[in-house]
Amino acid sequence: MPYVVRNAGGRITEVHARKSKAAQEKLAASDPELSKFVGASGKSGDIKSALLHSDLDLIRVLEDLIAVLIDKRIIMLTDLPKAAQQKLAKRYELRSKLADMGGLVVESDEIPLP
């Protein structure tokens with residue numbers, strides 16, 4: 001549960017993950033006032049949706065980072081745990097299939113598996 005700091009007028013001015021000297025008041029993550037403060041139009045579902053979208057974007061960044069590290073021979077695919085190797089291989093296979101479909105969905109700046 002987040003902790004908040006309020007101004008003299010009682011409005012939320014900061015949100016913290018942990019209790020601190022300034023942030024003493026604990027609010028539920030679904031609190032409408034907290035949701036409004038973080039810009040989600042008062043709906044916690046909007047926050048969760050934005051976070052999920054951000055997670056998907058970050059997954060792509062990590063996938064590209066791993067490909068760059070492999071391409072520069074900083075790491076080898078076999079340095080990763082077997083489960084990670086299998087997941088990356090599956091994603092590369094799926095991306096390859098999309099590329100074979102004429103690049104209709106694949107972005108032009110993609111980094112292929114080395």
Side-chain angles (χ1 to χ4, degrees):
M1 293 220 173
Y3 291 84
V4 298
V5 176
R6 294 182 183 271
N7 65 14
R11 296 181 62 105
I12 296 173
T13 57
E14 297 176 31
V15 179
H16 297 261
R18 295 181 192 85
K19 189 175 184 177
S20 67
K21 288 181 181 181
Q24 295 285 319
E25 181 184 353
K26 182 169 36 169
L27 290 179
S30 61
D31 186 284
E33 188 179 9
L34 180 61
S35 295
K36 185 176 180 182
F37 176 76
V38 295
S41 305
K43 296 179 183 175
S44 64
D46 291 343
I47 296 171
K48 291 177 184 176
S49 176
L51 188 57
L52 177 60
H53 182 68
S54 173
D55 287 349
L56 295 174
D57 289 343
L58 186 57
I59 288 168
R60 181 59 195 270
V61 169
L62 293 174
E63 185 181 335
D64 289 347
L65 174 63
I66 291 167
V68 167
L69 293 173
I70 291 170
D71 187 48
K72 291 182 178 256
R73 303 195 190 286
I74 295 171
I75 64 169
M76 295 182 62
L77 185 61
T78 55
D79 292 339
L80 299 172
K82 189 70 172 173
Q85 292 177 38
Q86 292 169 342
K87 289 174 185 167
L88 285 168
K90 184 65 176 176
R91 288 191 58 86
Y92 293 131
E93 176 188 344
L94 292 170
R95 289 199 186 283
S96 176
K97 287 180 181 178
L98 283 175
D100 291 345
M101 293 172 60
L104 296 174
V105 182
V106 179
E107 299 169 31
S108 62
D109 61 347
E110 281 191 5
I111 301 171
L113 176 65

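Residues Tyr92 and Ala67 approach most closely at OH-CB, 3.7 Å, considering heavy atoms. When all heavy atoms are compared, the tightest approach of Val15 to Pro2 is CG1-CB, 3.7 Å. Closest approach of His16 and Ala23 over heavy atoms only: CD2-CB, 3.5 Å.
The side-chain contact (heavy atoms from CB on, under 4.5 Å) check on Ser96 picks up Asp100, with sequence neighbours excluded. Shown here are the side-chain hydrogen bond (donor to acceptor under 3.5 Å, both in side chains) partners of Arg91, two or more places apart in sequence or in another chain: Glu63. Not counting sequence neighbours, the partners of Gln86 by the side-chain contact (heavy atoms from CB on, under 4.5 Å) test are Lys82.
Leu94 and Leu56 are not part of a single hydrophobic cluster, where members link through side-chain heavy atoms under 4.5 Å apart. No single ILVMFWY cluster, assembled from side-chain heavy atoms under 4.5 Å apart, contains both Leu69 and Met76.
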Evaluate side-chain contact (heavy atoms from CB on, under 4.5 Å) for Lys19 paired with Gln24, printing each intermediate quantity in order. CA-CA 6 Å; Lys19 189 175 184 177; Gln24 295 285 319; 3.1 Å; yes

Test side-chain contact (heavy atoms from CB on, under 4.5 Å) on Val4 and Asp31; report intermediate values, then the result. CA-CA 11 Å; Val4 298; Asp31 186 284; over 6 Å; no

Start with the C-alpha gap between Val5 and Ile12, add the side-chain angles, then the distance that decides, and say whether side-chain contact (heavy atoms from CB on, under 4.5 Å) holds. CA-CA 6 Å; Val5 176; Ile12 296 173; over 6 Å; no

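Put simply, CD1 on Ile66 and CD1 on Ile74 are 12.5 Å apart, with the number rounded to the nearest 0.5 Å. Once rounded to the nearest 0.5 Å, the distance linking NZ of Lys36 with CZ of Arg11 reads 6.0 Å. Distance check: Leu88 CG to Leu77 CG gives 6.5 Å after rounding to the nearest 0.5 Å. Here CG of Leu58 is found 10.0 Å from CG of Leu65. Values are rounded to the nearest 0.5 Å. Here the CG atom belonging to Asp55 is positioned 10.5 Å from the CG atom belonging to Leu62, to the nearest 0.5 angstrom. Here Arg6 contributes atom CZ and Leu27 contributes atom CG; the two are 5.5 Å apart, rounded to the nearest 0.5 Å.
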